[in-house]
Novice: 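One structure follows; several queries about it will come next.
Side chains included, hydrogens not; waters and symmetry mates left out as well; all remaining heavy atoms used.
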Amino acid sequence: MAQLLAEVNIPVSMHPDFLPFTPQEFALVSVDLQGLDAFLQGLTFPGDISEPLLTARVRLLWQRCQALSQGPKPKAASSAPGISPVSDASWVEAFPKKLSPELVKSLVQRFESRYPSEIICPETMPSQRLLALTAKQIQDKHWKWIHWKYRMSEDMLEQQLLQRPAKMARLELEKIVFDEVPSRDVSAQGMGRHTMQSFLELQAVALAMCGAAHLHTLREYNRRFLSKAFERFPSESGLRAPSAQEALQADQKLWQGIAHLYNHEQWTLDNAIHEVVVVRSEVQQLLQPRPALPKFFNEVLRGGKGRERGPFKGAGKGKKGPEDRQRNQVNVGGLSLRLAQWYSGKGGERKNLCREYQWGRCKRGRDCKFEHLCGVMAVPGKPCLGEHSAKDHKVPSEGVEAKQLQSDALAVFAGSQGQGETVRVVSSSATVLQAQGGVPEKVSVSQSVEAPCEGPPRPVVGVAAEASAVDVTMMEPRPGSSSFAECLALLRSSGLVEWGRDFRDGQLWLEEPTGDVPCFIRELGVELSGRLVCTKETPFAFNGALWHATMPWQGERWALTAYTLPEVSPAALAGLNFPHQTVEIPRVSESVHVPTPAAPRFFLDICSGYASPLSQALKEHGVPVLSIDVLLDASHDLLQDAFYEKVLRICFSGKCSMAHGSPPCGEYSRLKLMDKDGPPPVRSPEFLDGLPDNTPVMQEKVLTSFTLLSRTVQLLMAVYQSGGHTSLEQPRNAMSWLEPVVRRYLQEVSADVNVVAACMFGMPYLKHWIFASSWRPLQALACVCPHGRDAHHKVLGQRDADGTYVSRQTALYPARLAEVYAEKVLPLFPAPAEGVQLSIPDAVACIPTRVEDVFSGLRPQLQRFMLENKIPNRLSAQTKEASTSPLFTEAEVSDLREIWNGWFKAQGHEAPAWDVPEGQPYALHALRKLAQVMHDPDEALWPALLAGVPTGVRHDIPASGVFVPVASSAAPALDEHDFLLCTGNWKGAEDDPALLERLLEKEVQAGFLEEVPDLQTAQDRWPQLAIGKANIVHALGRDPRLIIDPTVSGLNPACHIPEKFCLPGLHDVQCGVPIRGSSAELAACTLDISVQKLLEAVNFVLKATKLCRKDLERIIGLLHWVVQISPTLRPWLCSLYHDMERPLATNFSFSAFAWQQLPTCLDSDMIFSRTPPGTSIRVGSRLLSVRHVDVKCKADLTQVQFTGKRLWARVADPTTDRRKLSSLSISFLSFWRDWCEQPQILRPLNATPFEPLVKLAADACASGQNVGIGGWVEFPGQPRLWFAERFEVSDFSQWGISMQSPANLDIVCYETLAQIALVHVFATSCVGGRCRVRIPSWSDNTGTEAVCTKLFTTVQPLAAFVQQLAIHAWRSHVELDTSHISGCHNDKADFLSRWDGVSALPEEWLPAYRVSCALPVLWAYNHDIRLFPPEARLLWELPLNKWRELSQ
């Protein structure tokens, strides 16, 4: 040891600390360098040598001792079969070296600075191993997928270390060093959304902390992944979401694809994630729905694997055997019934049942502390609680046995008489057949009714003749139809339904693994989870293979049930005592809708409720109504995309004058946060997206409630944007008012937040609603409760007689409230006549069409022909086989031509000729006839093709009349001397003459080329001749291709095409909707831009510390494409153009001599014509300031004080690439950033056009420091709306605008401000809502007329005013059509602009019709959200605007 101490230069004063050790012993002081730090802390270092140097020497000593203790490496004699030698490395091989505390601290600080809203705590901080592994892979630019089990937080790691036993000493066996890597359990069973989200979130934070990708990009990956991994599907769909193991494998595949782009293609991680997740949509592919396997309960009934000792398993070898399981069950009447262990008393307290009493063995009598009541689970979730033991429990003689029917679809319509006491359970066979049912040609009906009876009704599946039910059995099914849909259609269209007396409860219980309502199945002896479905007067279809039951009811009830029974003969039904009677049932397509007038203006009631009070009140006033609620029709499910898109199309049609939405608020109620005994809350104001401890079932409720709320708001916004008005109702302090999508709605419609007290309309509860509406007359509903809190019945935690919470009853509007609502919205419906209830098909039929669908009669015939001959299957097979055989046979071609001939005759035309002209591959005569029937404007195409394809050399190509015309060239026609006769070919053809010969021969045989004997023959045949050159193109992976170049001979330049076309943009898409005026649904429209792409580009420019010209060019090009949505926003681009052409200034210093020569180096625009002596200023640069004095001309140089020292000046060099954003550009880009970050609201591509009969005029006056604007808006038969405002020049400075003094120098700006006020007055008063409006405006200023028409200028400060006019026009969908009016005729607007605000006004200007146009309203576009009554109290704040926040 002494020799080693001398070799590593350990000071003699420290030797006593090391000499007691041998080298082998000192080598075991620590197993690694990190563990050696504890030994170093106990040493005393001398002061003459630095401590870091001595620390390094001690570590070197330890390494020397390690090398001596290991000795020479012996050769392994042999290895075990299948085990390869292992290296000496520790866990550092798999996990990189731990990051230093300083580095981790810097990563956390940088993360918090980039994402200030993110909170880093032990629960969200990635563990040291995860962070080290991530940093190492990013540093090496070699990413590999990290398994979920290694994604741990610091808190998880600490908890795991506390639970682990003490670490054992390391042993080296066969050079293997074991290291127990901390990991978390990745269970494939029962993984909830929160757990999976933690796996994904920890990796996202680790990557963002290491600067690999933006946190928003990673969160977008997580959001898409979780939404698909936990997607819910109806039980009847037969689909399920991916399992946890499948999700893990999908995450691995996704990151492998991302790693390939990142590692090998040199992509950034942000772009790689965006490519894989968004562009390629691989998340949807890897996490697509899986088929759900049915539960085969018939196998369960036959017993399990364990000698029939249990319903599911054998006896097993665990501690709990059959005797223990039987303690929770009792055999009654041959059925194994489950026993409850406790029940809830009247006060909600838990009371335990005596288990010994259940078998009659309790000897404690009255001294027993447990309840002596029957614990048999008679109904789902409720014990019997009779005063008898479980073994004495009596099963009703009407007990139901499970029926096994081979039924794949079943539809129920609530009905039968009787008072239900128990639950009846019905099951169909586990053998689920494929749906073969359709609309039957005939339907067998069996009907038998008996007198009302006490107790439960008989089962409706396989009933006897005396059953109290009406059964409709679908016979002779046609293939190719959905049996579920046809069952529902059968119930709706059968005409057998008559409304019975009212009854309560009696819902359908349906088996569902994730349901929250248990039901005990006596046949199985187990309790299954399910959900309740209301079938009262509402048909509902479901899979008959699922267990289902009818809940208890009160009153008179009957049921109508329709089945699909594949391969069941009438004889088999007769054997089940079905007396058959054949009746004709109308088809679904023949069902008659309510007759309505053409394109009526109707009222839309979204989530109307079962009673639909608002719809009923408006129907009584003669208004057509469309009520949507799943309680009215099971197909009215807004969670289903197909139905939601259909309603969305109706809302965008412009035929809805008023829409009201009241989505369910149960999961947004604050009462759940206060009532501890009621249903548990799933969200809170702090956790709107769900509480952290939510179960998967609770989180599903969060997603469902949010989807219903957001889709209702979207439908209301669609109505508002299409010219109607809307109202949204929720409880006063519901958490739904905190959702961003709802707050966006309040801003977009400038809503009146009307608080409505229930007691003021006859409801005896302390209840307040909020009606947020764009229709101002609804302010009449606003009121607050004038009574005390104890003057009303309590709602919190209260239940009625049947156990339903009283708070649910308050969701139904009182009749008086509905009547007042109807009276206030009635002016929106012109000339109401007869109120009718519209259906969804009726509303779709209201959408106007401008072009007749000429193929409406032909399309069904072609579809039927294709299906009968299985053409789609044949096409798919030929595509897979790459077959070249014809798709149709000769007989099928003849049949198709007969179908077309019949259609042509129905259109009043003769049948066309089907022959194919020589030299053409198509039947041109038939195509010409089709174009005539369709009124195709391109009439010249078919004669030109029949005559021969024209070349255009002689201007012989006819115009189509469809594309943009091009002016004909004035040059004379070319003669034969203007063309070249080339004698050779290009190099590619000359190098391989044999290949050229083969390719030419192939083209000649195909008929594309014609061989001519010699040049003289060709010249005799064609007066004008041009001979080009041939070439052979070789492409990788393709066969050689022959091309003929006609350009070199002069042929192509001589061709004249009379039309041209351009690639379509967003504006062209807008003009093309609806397509040819058709009301048919469009499949999709994909645009080459996304909100995320725009947001990334805008954020990059706003956050860039060093901005270059290329960056501005890129964002300008992107915004040019985006503003095609609304060209009125183009004026805002001028500020970006200014910034792009304004280079960043640089400081230069001038000597005394250079300062004296400076005027000779500048021109009149202060641009350097030559370089000043002693400087590096480039020619063409502009001088901006000297010694902080702005210079605009040479005379300003005299204002600079010369001190004899060097003078510093700012010079803008046009050759520099650096740029800086101005305040206006930052404001414009911030607008787009806020627009991208807000919840996106769907907008119509082509808004409803509207040109109202209105007159408008505005004027402005300016003198000194004072500015005045005034104007008026006049609708026919109404008093004039008017405005008059006075400003000072200094008022504009707070908005960053520098105006000149005196004010008349900027009169064009103030005239433009008056036009802005006109748009504001019209937009806030027009009854038509927010449709596309073009209003004629008058102005007596030519400059204002020009900028209002063009909406573009680069002159400041006029550009700022034009930008505000553009933003007002865009948000209000108002387009100004400004025309000139002489000043002498604009006297009314001139008078208002000069009014001092105090003097008396003429009678025509009524004060009640004055509209406020204060500068904050005009400049910040205030969303006027007001609370009525103002004294109402809210637990949430109304969304404020920036100008309000500034004023506060």
Novice: Between CG of Leu703 and CZ of Arg232, what distance do you get to the nearest 0.5 Å?
Specialist: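 These two atoms lie 9.5 Å from each other.
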Novice: Where is the tightest heavy-atom contact between Leu708 and Leu638, given as atom of each residue plus distance?
Specialist: CD2-CB, 3.9 Å
Novice: Which atoms form the tightest heavy-atom contact between Leu673 and Met735, and what is the distance?
Specialist: CD1-SD, 4.2 Å
Novice: Within a reach of under 6.0 Å around CG of Asp689, are more than 12 heavy atoms found that belong to other residues, nucleotides or ligands?
Specialist: no
Novice: Among Thr707, Asn694, Leu691, Leu688, which one satisfies side-chain contact (heavy atoms from CB on, under 4.5 Å) with Val702?
Specialist: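 Answer after filtering Thr707, Asn694, Leu691, Leu688: Asn694.
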Novice: Check the angle between the aromatic planes of Tyr813 and Trp769 and answer parallel, tilted or perpendicular using the 30° and 60° thresholds.
Specialist: perpendicular
Novice: How long is the straight-line distance from CG of Asp392 back to CD of Glu387, given to the nearest 0.5 Å?
Specialist: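 Here the interatomic distance stands at 13.0 Å.
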Novice: To the nearest 0.5 Å, tell me how far Leu353 CG sits from Cys374 SG.
Specialist: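 Reported to 0.5 Å precision, the distance equals 9.0 Å.
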Novice: Within the 4.5 Å heavy-atom criterion, are Ser198 and Arg151 side-chain neighbours or not?
Specialist: no
Novice: Quick one: OG on Ser736 to CZ on Phe706, what's the gap to the nearest 0.5 Å?
Specialist: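 Nearest 0.5 Å value for the OG-CZ distance: 11.5 Å.
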Novice: So do Phe233 and Pro289 actually touch side chain to side chain, heavy atoms under 4.5 Å?
Specialist: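 Side chain of Pro289 against side chain of Phe233, heavy atoms only: contact under 4.5 Å found.
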Novice: With sequence neighbours excluded, what pairs up with Glu123 under the salt bridge (charged side-chain N to carboxylate O under 4.0 Å, His left out) test?
Specialist: none
Novice: Considering residues at least two apart in sequence or located in another chain, which fulfil the salt bridge (charged side-chain N to carboxylate O under 4.0 Å, His left out) criterion with Arg364?
Specialist: none
Novice: Using a strict threshold of under 4.0 Å (side-chain N to carboxylate O), is an ion pair present between Lys672 and Glu667?
Specialist: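 Salt bridge: yes.
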Novice: Could I get the full list of salt bridge (charged side-chain N to carboxylate O under 4.0 Å, His left out) partners for Glu201, not counting sequence neighbours?
Specialist: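 Once residues adjacent in sequence are excluded, the partners of Glu201 under the salt bridge (charged side-chain N to carboxylate O under 4.0 Å, His left out) criterion are Arg219.
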Novice: Just verifying a value: how many Å separate Phe230 CZ and His194 NE2, rounded to the nearest 0.5 Å?
Specialist: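 With rounding to 0.5 Å, CZ (Phe230) is 11.0 Å from NE2 (His194).
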Novice: Would you say Met196 and Leu248 make side-chain contact, with heavy atoms under 4.5 Å?
Specialist: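 Contact flag for Met196/Leu248 side chains = no.
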Novice: Considering only heavy atoms from C-beta outward, does the side chain of Phe687 approach that of Asp693 to under 4.5 Å?
Specialist: no
Novice: Enter the distance from Ile119:CD1 to Thr124:OG1 here, rounded to the nearest 0.5 Å.
Specialist: 8.0 Å
Novice: Could you report the tightest heavy-atom contact between His372 and Cys362, atom names first, then the distance?
Specialist: NE2-SG, 3.4 Å
Novice: Work out which heavy atom in Pro663 is nearest to a heavy atom in Leu709; give both atom names and the distance.
Specialist: CG-CD1, 3.6 Å
Novice: Kindly give the heavy-atom pair with the smallest separation between Ala241 and Ala229, and that separation in Å.
Specialist: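 Result for this residue pair: CB-O, 3.4 Å.
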Novice: Does a donor on one side chain and an acceptor on the other come within less than 3.5 Å for Arg683 and Ser705?
Specialist: yes
Novice: For Arg184 and Ser127, does a side-chain donor sit closer than 3.5 Å to a side-chain acceptor?
Specialist: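 Ser127 and Arg184 do not have a side-chain donor-acceptor pair below 3.5 Å.
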